[in-house]
Colleague: 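The structure that follows is given in the form of structure tokens.
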Amino acid sequence: MTGTEQFISEIRSLLGADNVFTDTAHVYSYSFDSSIYRGRPDAVIRVRSTDDVSGVLKLANIHEVPVIARGGGSSLCGQTIPVKGGIIMDMQAMNRIVDIRVGDLLAVVESGVVNDQLNVALKPHGFFFPPGPSSGSVATFGGMIANNASGMNAIKYGATRDHVLGMTIVLPTGEVVQAGTRTIKNSSGYQIDRLMFGSEGTLGIVTQAVVRITPLEEYSMGALIGFDTLEAAGQGISNVIAYPLIPTGMELMDRVCIDSVNKGMGAGFPDKEALIYVKLGGFKESVERQKIQLEEIARSSGSTFMEITDDPSTIAGWTKGRQSVLPCLSRYDPDMVCVNLADDMAVPISRLPEAVKRFQAVSKKHGIIVATYGHAGDGNLHTKMLVNPTSEKSWRAAEKTTEGIYDVVLELGGTVTGEHGISISKAPYFRKERESLIPAMVTLKKALDPKNILNPGKIDQWKGGLYDRLDILRYPVEGSL
Amino acid sequence: MSSEGFSHAKKHLHEMHICTQCGYCRSVCPTFKEVLMEPEAARSRVILSWGLVQGEIEPDQSVIDALYHCTTCADCNRRCPSNVDVVSIMESVRQDLYEMDAIPENHRDMISSIEEYKNPARQSAEARLDFVPDDIPDRTGGGDVLLYFGCGMGYTDMKMLTSTINSLEKLEVDYTFLGKDESCCGFPELVMGKVHGMEERARQNLTALERLDPKPTKVVVTCAACYRAWAKYYKDMVGHDLEVFHIVQYYNELLRDGKLVFKKGLGKKIIYHDPCDIGRHMKIYDEPRNLLASIPDTELVEFEKNREEAACCGGGGGLKNVDYDLSITIAESRVRQAIDREAQVIVTACPTCKANLADAAHNIKKKDEIKVKVMDVVELVNKLI
């Protein structure tokens with residue numbers, strides 16, 4: 001019996017046989033997430049409590065078996081792909097909303113609670129959890145913390161990190177610690193909880209979180225503003241922020257994105273080179289004033305289309321259209337599919353116009369269709385590429401395009417990830433961006449996870465390029481299989 | 001491993017690549033919502049199908065279970081932002097699995113029953129007439145409207161059959177039925193993967209209809225799956241020029257023409273459950289609501305998830321035949337949604353939905369002592385006209 005087999009056998013004793021899966025359907029379906037990568041686990045296990053997680057990690061340390069925690073599996077950069085075998089630890093059965101205390105501005109959730117599940121529960125109280133990732137119907141709190149997820153509302157409300165007060169963490173050795181507090185404020189002491197944001201499951205497993213909740217906005221408006229060039233739209237966004245006007249959300253979509261959601265789901269967006277979708281929210285008087293300011297900025301920024309409404313169904317339709325950009329891009333060209341490459345970056349807001357213009361030049365140089373969109377109000381852009389999924393030539397051109405785009409981002413003082421994380425697909429560029437930080441990360445990882453069992457081979461440990469070996473791709477590239 | 005034998009699923013290869021595995025389908029997939037493990041999610045069924053086509057995995061029992069647990073409710077199709085047609089992929093991969101003899105054991109029994117008896121219940125052809133009330137005239141000789149019984153109503157739900165027949169008698173419809181010449185619609189064979197079986201049933205039923213004199217020009221069915229078979233698949237597979245109605249549509253026409261009049265109300269709060277096969281698949285939403293809203297002294301309320309967003313009852317796609325417990329767990333969730341809306345009666349338009357929801361309501365009554373009645377629209381109409 002190998003070490004892994006012995007480990008799985010002991011896990012069966014710990015969790016019960018009905019929580020350990022080695023059959024084809026489980027092992028194969030957990031080999032994929034929403035990234036371009038794949039990797040088979042040796043087994044899938046289901047945990048139901050902090051004690052379960054602690055017991056699993058203690059055994060994993062003894063047998064030195066990799067453990068990858070997984071929530072909704074909506075990660076875009078390969079976070080839940082086992083690159084060194086081991087087990088997938090499914091956290092979704094830990095899905096209880098433990099407490100809601102509106103008087104204390106907090107809720108307590110297990111890590112398998114889905115973002116939208118909490119918001120449904122908070123709505124009758126007049127509250128919500130603001131970060132709002134597009135994948136909110138799938139993403140769990142464990143994954144949102146591990147990737148510091150955010151979405152359209154980040155410009156006004158920030159990311160997940162800004163709305164978590166405390167948490168229960170199982171450290172890689174199996175030790176359970178309470179980090180942070182149940183109070184709005186706390187001061188000194190090492191803020192170990194903060195290390196979890198962006199750790200991608202490499203430093204500890206969050207099993208429960210105390211999250212800060214926020215009153216729902218009383219009144220909302222949505223605006224669609226059209227431009228004749230992508231660069232003009234980027235300038236328009238910068239002008240809104242500099243005015244200063246801080247909306248609830250401000251999204252950018254280029255021509256490719258507009259066409260794809262119109263085609264994919266009949267979004268009905270106007271036929272423009274670029275659109276900015278602005279969400280205004282707050283007290284009615286304040287929103288009406290913001291509307292006047294926004295109209296003035298749009299006019300002076302050279303917009304060629306503008307529609308503003310407070311009709312909830314129209315706003316919901318626009319939001320749904322924007323949220324559907326990513327998956328709809330695959331319908332843009334019948335021979336192509338949309339892949340997550342250079343899918344996330346952030347640049348200083350004032351550099352947006354230059355960034356989007358230079359991205360277009362990179363796209364043209366390598367002959368790859370690049371769609372640009374994102375939460376541009378906070379400088380966070382997403383570019384997606386359309387590739388022929390079975391053509392090595394297409395993948396190699398996409399690789400060059402990714403490199404070119406990230407070179408631009410770093411030149412402009414940006415970062416290679418605003419909200420999707422690093423894992424595998426950003427690792428080569430993250431190394432470039434934060435070269436001086438890597439040794440400290442290595443030291444920290446060794447201190448907390450001496451046997452390197454938690455999600456090994458990711459972030460700084462990923463030493464390869466985007467896809468040196470084509471067989472790590474989930475697509476059947478000719479000659480790779 | 002070999003991908004030979006997956007020729008039907010292979011046609012959807014690009015569609016499988018378009019699926020980004022975003023997982024948005026998980027929020028609506030009825031099996032995933034209960035089990036919370038990936039093989040029970042629509043996106044995983046796509047990737048498992050892909051694995052089979054690529055020859056990366058074998059169709060072992062775990063894979064067969066995952067693919068045959070899909071209820072084919074199509075809520076994933078609706079939710080998918082890339083418009084991936086998961087149900088078509090499921091139909092094709094099941095067709096491949098059937099041709100490779102890799103199907104669940106329970107389905108073998110049902111398929112052989114349909115082959116041997118022309119119904120999935122191992123009942124004789126004559127038994128289809130057992131529930132027909134004695135006091136009605138012989139209706140097997142032909143007429144303008146064919147009342148197609150279907151197997152759910154014909155063999156297992158006496159209340160539905162007598163209600164349907166009695167209502168048509170009261171409404172003075174010139175109807176006929178096939179009697180012992182009726183075959184299963186073939187829909188169970190389609191969802192189990194025996195696609196040519198459905199085509200055979202189509203020919204049997206259409207041939208039996210041709211023999212009637214006068215030959216019907218309209219077909220009325222009470223089962224949502226039978227409706228989909230006659231209105232869509234029979235037309236695609238064999239072709240016919242019959243006008244096909246689900247009975248909610250037919251009643252609704254009679255209501256519009258002033259021929260159907262409710263003489264009394266129910267005095268209760270009712271809620272309409274959209275069967276997936278006439279709802280999301282065939283877009284019949286307004287007719288049942290129009291019909292039920294016209295009942296006096298009866299309040300019609302809606303599920304939070306209704307019409308195209310309606311949750312599945314768990315009875316479709318053959319799930320009930322392979323995993324009864326999971327099927328009923330899904331139905332219990334749906335019944336609890338009706339209880340949340342304080343409905344006293346769940347009204348649906350399909351014997352499969354009715355049976356599943358009724359079993360679930362029975363369980364809930366035993367567990368929580370909360371009572372909610374489940375009725376088919378034909379029972380309600382017959383009772384109140």
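Chain letters run A, B, ... following the sequence lines, proteins first, then strands; residues in each count from 1.
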Colleague: Looking at A:Gln92, A:Met336, A:Lys263, A:Arg331, which one has more heavy-atom pairs under 4.5 Å with chain B than the rest?
Modeller: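 Greatest number of close heavy-atom pairs with chain B: A:Arg331.
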Colleague: Which residues pass the ring-ring contact (aromatic ring centres under 6.0 Å, His included) test with B:Phe303, not counting sequence neighbours?
Modeller: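 Residues passing ring-ring contact (aromatic ring centres under 6.0 Å, His included) with B:Phe303: none at all.
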Colleague: Could you tell me which portion of B:Asp60 (side chain, backbone, both or neither) has an atom closer than 4.5 angstrom to a non-hydrogen atom of chain A?
Modeller: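 Just the side chain, heavy atoms under 4.5 Å.
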Colleague: Using non-hydrogen atoms only, which part of A:Asp90 is less than 4.5 Å away from chain B: side chain, backbone, both, or neither?
Modeller: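 It is the side chain, since no backbone atom gets that close.
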Colleague: Please rank A:Ala93, A:Pro389, A:Ser137 by heavy-atom pairs under 4.5 Å with chain B and give me the top one.
Modeller: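 Heavy-atom pair counts peak at A:Ser137.
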Colleague: Is A:Arg322 salt-bridged to A:Glu251, cutoff N-O under 4.0 Å?
Modeller: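 Answer for the salt bridge query: yes.
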Colleague: Considering residues at least two apart in sequence or located in another chain, which fulfil the ring-ring contact (aromatic ring centres under 6.0 Å, His included) criterion with A:Tyr373?
Modeller: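 Here the qualifying residues are A:His382.
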Colleague: Out of A:His26, A:Met265, A:Gln117, which one racks up the most heavy-atom pairs below 4.5 Å with chain B?
Modeller: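 Winner by heavy-atom pair count: A:His26.
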Colleague: So, do A:Trp395 and A:Met385 sit near enough that their side-chain heavy atoms are less than 4.5 Å apart?
Modeller: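 SC-SC contact between A:Trp395 and A:Met385 ruled out.
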Colleague: Per the side chain to side chain contact (heavy atoms under 4.5 Å, CB included) rule, which among B:Arg280, B:Lys283, B:Arg289 passes with B:Arg307?
Modeller: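 Answer after filtering B:Arg280, B:Lys283, B:Arg289: B:Arg289.
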Colleague: Could you look at B:Arg43 and say if it's the side chain, the backbone, both or neither that has a heavy atom under 4.5 Å from chain A?
Modeller: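 Interface part for B:Arg43: side chain.
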Colleague: Measure A:Val44 against the heavy atoms of chain B and call it side chain, backbone, both or neither at under 4.5 Å.
Modeller: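 Only the side chain of A:Val44 comes within 4.5 Å of chain B.
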